[in-house]
Novice: 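First the structure, which I've put down as structure tokens, then a few questions once you've had a look.
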Amino acid sequence: MGRGLCVPLFGFTLLQLADAAARFTSHPVEKLYVVKGQTANFTWDYHVDNINSEFDAQSPRWYYHNGSYLIGYGDGFDGWKFKINTKTCPVRLRVPTVRVSVEGRATLVITNVSLADSGTYGCRLHLTSGSSSSMPTSEARLIVTDSPGPPSFNVTDIEASSAVIRWAEPVNDGGSKVTGYKVEIDSKTYYTHSWKPNYFAIPGLTKNKVYVVKLYARNVAGYGNASSKTFTTKKEGPPDSPVFKKIKESPTTATLSWSKPEENGGEIQYYTIYKKLAGEAEWSQVGTISGEPLIYRVKYLLPGKTYSFHVTAKNKDGSSLVGVNVMTVTLPDETTKIK
């Protein structure tokens, strides 16, 4: 019989005799992510021409940690049924209840997984001839994840109508990458992605009011516990952000109208109008107005394109937040009939 070959395949290692008929036909993913408390399924399957003549009496064999701990085997004396090796199977998989089994011919199943179950698992087809190192073998890594711990944060730049929270990633990510955050304040919820800067400007607050803000981190297991802070907005400060009433568009123009915001102790001096073409990263200032009516016509736009608009208000204490209360519209083409 020929010598064994070691063939890398999609991140797992397949060890197979050069002339053996027995081989794996199905493999688990290289890294199997499972949320704590759920079930891990290592979907192995194999082909063998004659199981009674080619397989050892204990085959396949399932193991943990590079073969250090034999979990169990197919018993050739009992119809190849799965049997747990009570001497070497990790105690956590069988005490206080048995959590490991085999479904089908070779799919290893671990229920109610815990963080301690993380590690490398393997399945080996033990044949009647050949060295142990030449037996067909497939491995996969189980990564058990939990929801992340609470992120630490501070409340800064507190004004009459807004505040900014800045945070650090949680010390405990639960075993997988943090993918987003959730901010809760005064029955409102805001979501942000992890790839964005770790800060968020909270709009629409009321002056001289006590708030409790909560911050959650999220990974593949979901949101973890929140961290919270209490703060009080100022009695006076920059105005609140204006809110659009409507936009009337033509192929090359957009007429904006908005409501007067809370002044927060200082008369509004003027408004600044911004636009942003879809795909652009930065806002472009297109004009300012002071006094009523609160209407502005943005000209020289591109027909059929999508634009976003927003307005800031300024008083003696400064301007409202940029990029809040945005309205997005797609302009009609030149050929579209305007009603």
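Here the structure is a predicted model, which is why all the values come from computation and not from measurement.
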Novice: Would you find more than 12 non-hydrogen atoms of other residues, nucleotides or ligands less than 6.0 Å from Arg297 atom CZ?
Specialist: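 At most 12 heavy atoms, drawn from other residues, nucleotides or ligands, come within 6.0 Å of this atom.
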Novice: So, Asp317 and Lys234, do they make that salt bridge, N to O below 4.0 Å?
Specialist: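 Salt bridge absent between Asp317 and Lys234.
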Novice: For residues Tyr216 and Val35: do they belong to one hydrophobic cluster (side chain heavy atoms under 4.5 Å, members Ile, Leu, Val, Met, Phe, Trp, Tyr)?
Specialist: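 No; tracing contacts between hydrophobic side chains, which count when under 4.5 Å, never links both residues.
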Novice: Under 4.0 Å between a side-chain nitrogen and a carboxylate oxygen: does that hold for Asp75 and Lys81?
Specialist: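 No.
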Novice: Using modelled atom types only, decide if a donor and an acceptor are shared between the side chain of Asn219 and the backbone of Asp146 within a distance under 3.5 Å.
Specialist: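 It does hold such a pair.
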Novice: For the residue pair Gly149 and Pro170, what are the closest heavy atoms and their distance?
Specialist: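 Taking Gly149 first and Pro170 second, the nearest heavy atoms are O-CB, 3.3 Å.
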Novice: Is the distance between the ring centroids of Phe309 and Phe244 under 6.0 Å?
Specialist: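 No.
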Novice: Examine Tyr274 and Tyr307 and state if one hydrophobic cluster contains both, with Ile, Leu, Val, Met, Phe, Trp and Tyr joined whenever side-chain heavy atoms are less than 4.5 Å apart.
Specialist: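 The answer is no; the residues belong to distinct hydrophobic clusters.
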Novice: Any luck finding a side-chain donor-acceptor pair between Arg99 and Thr111 under 3.5 Å?
Specialist: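 Checked: Arg99/Thr111 side chains show no N/O donor-acceptor pair below 3.5 Å.
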Novice: Side chains of Asn325 and Ser241 only: does a donor on one sit below 3.5 Å from an acceptor on the other?
Specialist: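 Looking only at side-chain atoms, Ser241 and Asn325 do not form any donor-acceptor pair under 3.5 Å.
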Novice: Any donor-acceptor pair under 3.5 Å linking the side-chain atoms of Glu139 with those of Tyr63?
Specialist: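 Present: a donor and an acceptor within the cut-off.
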Novice: Using the benzene-type ring in the case of Trp, are the ring centres of Trp62 and Phe82 under 6.0 Å apart?
Specialist: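 Between Phe82 and Trp62, which both carry aromatic rings, the centre distance is below 6.0 Å.
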Novice: Could you check whether any side-chain N or O of Ser68 sits under 3.5 Å from a backbone N or O of His65, counting only pairs where one atom can act as donor and the other as acceptor?
Specialist: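 Yes, Ser68 side chain to His65 backbone: donor-acceptor pair under 3.5 Å.
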Novice: Can you confirm whether more than 12 heavy atoms, excluding those of Lys276, are under 6.0 Å from its NZ atom?
Specialist: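 More than 12 heavy atoms, drawn from other residues, nucleotides or ligands, come within 6.0 Å of this atom.
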Novice: Kindly state whether the ring of Tyr64 and the ring of Tyr121 have centres lying under 6.0 angstrom apart.
Specialist: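 Centroid separation for Tyr64 and Tyr121: below 6.0 Å.
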Novice: Look at atom CG of Asp157 and say whether more than 12 heavy atoms of other residues, nucleotides or ligands are closer to it than 6.0 Å.
Specialist: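 Above 12, so yes.
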Novice: If I compare all heavy atoms of Gly222 with all of Ser147, which pair ends up nearest, and what's the gap?
Specialist: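 Smallest interatomic distance, heavy atoms only, reads O-CB, 3.9 Å.
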Novice: Taking Leu142 as the starting point, is it possible to reach Val98 by hopping between hydrophobic residues whose side chains are less than 4.5 Å apart?
Specialist: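 Same cluster: Val98 reaches Leu142 through Ile, Leu, Val, Met, Phe, Trp or Tyr contacts under 4.5 Å.
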Novice: Quick check: is Leu93 connected to Val102 through a chain of hydrophobic side chains (ILVMFWY, heavy atoms under 4.5 Å apart)?
Specialist: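 Yes; Leu93 is reachable from Val102 via cluster members.
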Novice: Find out whether the Lys NZ or Arg CZ of Arg218 is both under 6.0 angstrom from the six-membered ring centre of Tyr223 and within 45° of the ring's axis.
Specialist: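 Yes, a cation-pi geometry.
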Novice: Identify whether the distance between the nearest side-chain nitrogen and carboxylate oxygen of Lys260 and Glu292 falls below 4.0 Å.
Specialist: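 Looking at Lys260 and Glu292, the cut-off is not met.
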Novice: Does Arg124 pair with Asp56 as a salt bridge, N-O distance under 4.0 Å?
Specialist: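 Salt bridge absent between Arg124 and Asp56.
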Novice: Tell me which one of Thr206, Asn264, Thr233 satisfies side chain to side chain donor-acceptor pair (under 3.5 Å) with Ser161.
Specialist: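 Exactly one pass, corresponding to Asn264.
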Novice: Out of Val178, Thr179, Val183, which residue meets the side chain to side chain contact (heavy atoms under 4.5 Å, CB included) rule with Tyr181?
Specialist: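 When Val178, Thr179, Val183 are each tested with Tyr181, the side chain to side chain contact (heavy atoms under 4.5 Å, CB included) holds only for Val178.
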Novice: With a cut-off of 6.0 Å (strictly less than), are more than 12 heavy atoms of other residues, nucleotides or ligands near OH of Tyr69?
Specialist: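 No.
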Novice: Nearest 0.5 Å please: distance from the CZ atom of Arg92 over to the CD1 atom of Ile110.
Specialist: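 Between atom CZ of Arg92 and atom CD1 of Ile110 there are 7.0 Å.
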